[in-house]
Amino acid sequence: MSTVSPSPSTQSPKPDSAWAPLAARVFRALWIAQLVSNIGSWMQMVGAQWLLIGHDAALVTLIQTASSLPVVLLALPSGVVADRYDRRGVLLAAQFAMFAVSSALTVLAFADALTPVLLLVLTFLLGCGTTLMGPAWQAIQPELVERRQLGQAAALGGVNINLARAVGPAVGGVVVAAAGAGWVFAFNAVSYLGIAAVLLLWRRPPTDVTGPSGEKLLTALDAGRRYVWYAPDIRRVLLRMVLFIPGGAAMWALLPLVASRSLHLGSGGYGLLLGAVGVGAVAGAFVLPRSNQVLGANGTLGGGALIFAGVLAVLATVHIPWLVTVSLLFAGLAWIGVLATLNAAMQTRLPGWVRARGLAVYLLVFQGGQALAAPLWGGLADRLGLAIPLLAGSALLLVSAVSLRRWPLHGADGVDPSPSEHWPVPPLVFEPGPADGPVLVTVSYRVAPGNAAAFSDCMEHVARSRRRTGALTWGLYQDGQDPGHFIENYLVASWSEHLAQHSDRLTLTDRHHEEQARRLLVPGSRPAVTHAFDTSSGPVVPQSKGGGGQ
C-alpha cells in the first residue's frame, strides 16, 4: 500500500473520499501498525481454535467466548478509564500487557505445555487487554481526523480488520500446518510492539481529564449509563446491533466445525475460508459508500442481514468447498456493511465528554452478544448437528431484516454532538464546594397564550437533554392560577456535576431543543433560573468569591 503525504498535494485523497483520513500522519501510522497487529490476532485465533479442534464443539466455540467475554465484564469500566485518564497512556498499558500474555502463550506452546484450560485462560487475558484498549482507541479518532471524516475513519477501521481477516487466517493456517501454533503466537506477541512504538512517538497535545472534579468510578459509570438511556438515537443503534449479532455469531462460532466436519478441510483450508470472509469485507468497504447513497443506512442494514442469512443457509446445506468459499465472500461484504454503518452512527452521535463510555456500551453489546451466543450455537451443534443451528441463525437474521420496518435506524439529521457552552455562569453570591449538593435547579417560563401544548412537547426533548447531562430527576409543572406560567425543576447530584453541564456536557443539539422551546415564550420574556442546595445535613458552607459574587 502506498503512503499518503500528510501535506496537501495533488496526490492527496479528496476530503470526502473513503481514503481521506489516511492523509493524517498519525492516523496513517496507527492504521498500519494496527493492521499488522490485527493480522497477528487472526493468526493467533486460528492457532488457538485448531489446537482444540479434536475436542467437543462447545469447547472449540469457547475460544470465541474467551475472547469476547472480557467485554461483558470490563467494557464499561474501560470506558470510564478512557474518559478519565490519558488515552495514550491507557493504550500503551494495554499493548505491553498483551505483549506479556502473548509471550507466555508462545513459551507454553513451544514447551508443549499448553493445555486447553491454559489456552482459554490466556485467550481470556488477551481479551481483557483488547477490552481495555477498545474504548480509548475509538475515542481518540476525533483527535486524529476531522469530525466530518469520522465516518470514513470508522469504515477504514473495518477495512483494517477485514484486510487482516483476509491475510491472517490464511497465513496462520499455513504456519500452523507447517511449523506449529507456537510461531503464530510469537508473531502476535511481536505485533503489539508496533502500535506501542507509534504511540510513543505521537506528540499528542496535553489534554485535561474529562469529568467533574473527584468523580468516582461508580458515578462515572452511572453518567455513561444515563447518557445512553436518555439518547434515543444511541439506543436505536444498540437495538440494531442486538438484533443482528446473535444470528451473525453463528457463522464465527461454527465455521471451524464447518471446515473440519462438513468440508473435511485442514487448518490451511480453514484459514482460506476466513480469508474469503476478509476479502469480501474489503470489497464491501468500496461498495459501502455507494450502498449508503442508494439504499440509505437502513437499506444497507437490511440488505446485509438478508445476505448473511443466505450465507448461513449455504453453510448448513452445501458441502462443496469452493461454493462455500464463494458464499463467504458475500458474508464479509454484509458483515462490514452492517458494522461500519452502526459504528459510524455511534461515532457521529456521541459527544466528547462521554464518547469512550458510549462506545464501551457499543462494544459490550457487540462482543458480549457474540460471547453469549457462541456457546449456545456450539451446544446445539453437539446435540443436533451443524445444519439446525446454522439455519436457526439464518432465521434470526431474517427477523432482524424484517424488524427494520418497525425499528429503523434514526437519521443523523439535526444531531450535532459538538460542545456548546451557551449557559451563562450561575449568578450566585458565594462559591459552593464541588461536593455540595444535591442541587435543585428551577427554571421559570412565561409561555405565550395558545402555546402551552407545543411548549410541553418541546420540553420532552429538553428533559432528555437534562437527564443525559446529569439530572437525577426532572419535572415540568404548570401554575394552577396562571396557565401561562411553567416551572421546570431538576436535581443534580453535586455542584461539580452541575458545573460540568455548564462547561462541557451540553451540545449544539441540546441548544437547538432549548431554543425551540423558548421560541414559544412570551416575546421579550427570559427564563428565570434559581439554584438551591440540600441543607438536610446542614447549611452549605460558602467559599468567598473574592469580589462579592456575581
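Every value quoted in this text rests on a predicted model; they were computed, and no experiment measured them. All values below were derived from every heavy atom in this structure, side-chain atoms included, with hydrogens, water molecules and symmetry-related copies excluded.
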Closer than 3.5 angstrom, by distance alone: can the side chain of Thr130 be matched with the main-chain N or O of Leu126 as a donor-acceptor pair? yes
Say whether, by atom type as modelled, one donor and one acceptor occur between the side chain of Asn451 and the main chain of Leu520 under 3.5 angstrom. yes
State, without any angle test, whether His422 and Glu514 hold a side-chain donor-acceptor pair at a distance under 3.5 Å. yes
Ser78-Thr131 side chain donor-acceptor pair, cut-off 3.5 Å: no
Quick one: does Arg357's side chain have a donor or acceptor within less than 3.5 Å of a partner on Val80's backbone? no
Backbone N/O of Ala249 and side chain of Gln370: donor-acceptor pair under 3.5 Å: no
Say whether, by atom type as modelled, one donor and one acceptor occur between the side chain of Asp436 and the main chain of Trp495 under 3.5 angstrom. no
Given side chains that start at C-beta, do those of Met346 and Ile234 come closer than 4.5 Å, heavy atoms only? yes
Taking only Lys NZ, Arg NE, NH1 and NH2, and the carboxylate oxygens of Asp or Glu, determine whether Glu497 and Arg226 approach each other closer than 4.0 Å. yes
Stepwise, does the side-chain contact (heavy atoms from CB on, under 4.5 Å) test hold for Arg464 with Trp474? CA-CA 9 Å; Arg464 286 194 288 269; Trp474 183 90; over 6 Å; no
Once you measure the plane-to-plane angle for Trp423 and His502, does it fall in the parallel (<30°), tilted (30-60°) or perpendicular (>60°) bin? perpendicular
Looking at Arg468 and Arg505, would you say the former's side chain and the latter's main chain have a donor-acceptor pair under 3.5 Å? no
Kindly say whether Ala435 contributes a backbone atom to a donor-acceptor pair with the side chain of Ser496 at under 3.5 angstrom? no
Contact between His512 and Thr507 at the side-chain level, heavy atoms closer than 4.5 Å - yes or no? no
Under a 4.5 Å cut-off applied to non-hydrogen side-chain atoms, are Ser403 and Arg240 in contact? yes
Without hydrogens or angle criteria, can the side chains of Glu143 and Trp202 be said to hold a donor-acceptor pair below 3.5 Å? no
As a test of understanding, state which of Trp335, Phe308, Trp377 forms a side-chain contact (heavy atoms from CB on, under 4.5 Å) with Met251. Phe308
Check: Ser291 side chain, Val287 main-chain N or O, donor-acceptor pair, under 3.5 Å: no
Salt bridge check: are Asp222 and Arg225 linked by an N-O gap of less than 4.0 Å? yes
Measure from the side-chain N and O atoms of Arg349 to the backbone N and O of Ala345, and report whether any donor-acceptor pair falls under 3.5 Å. yes
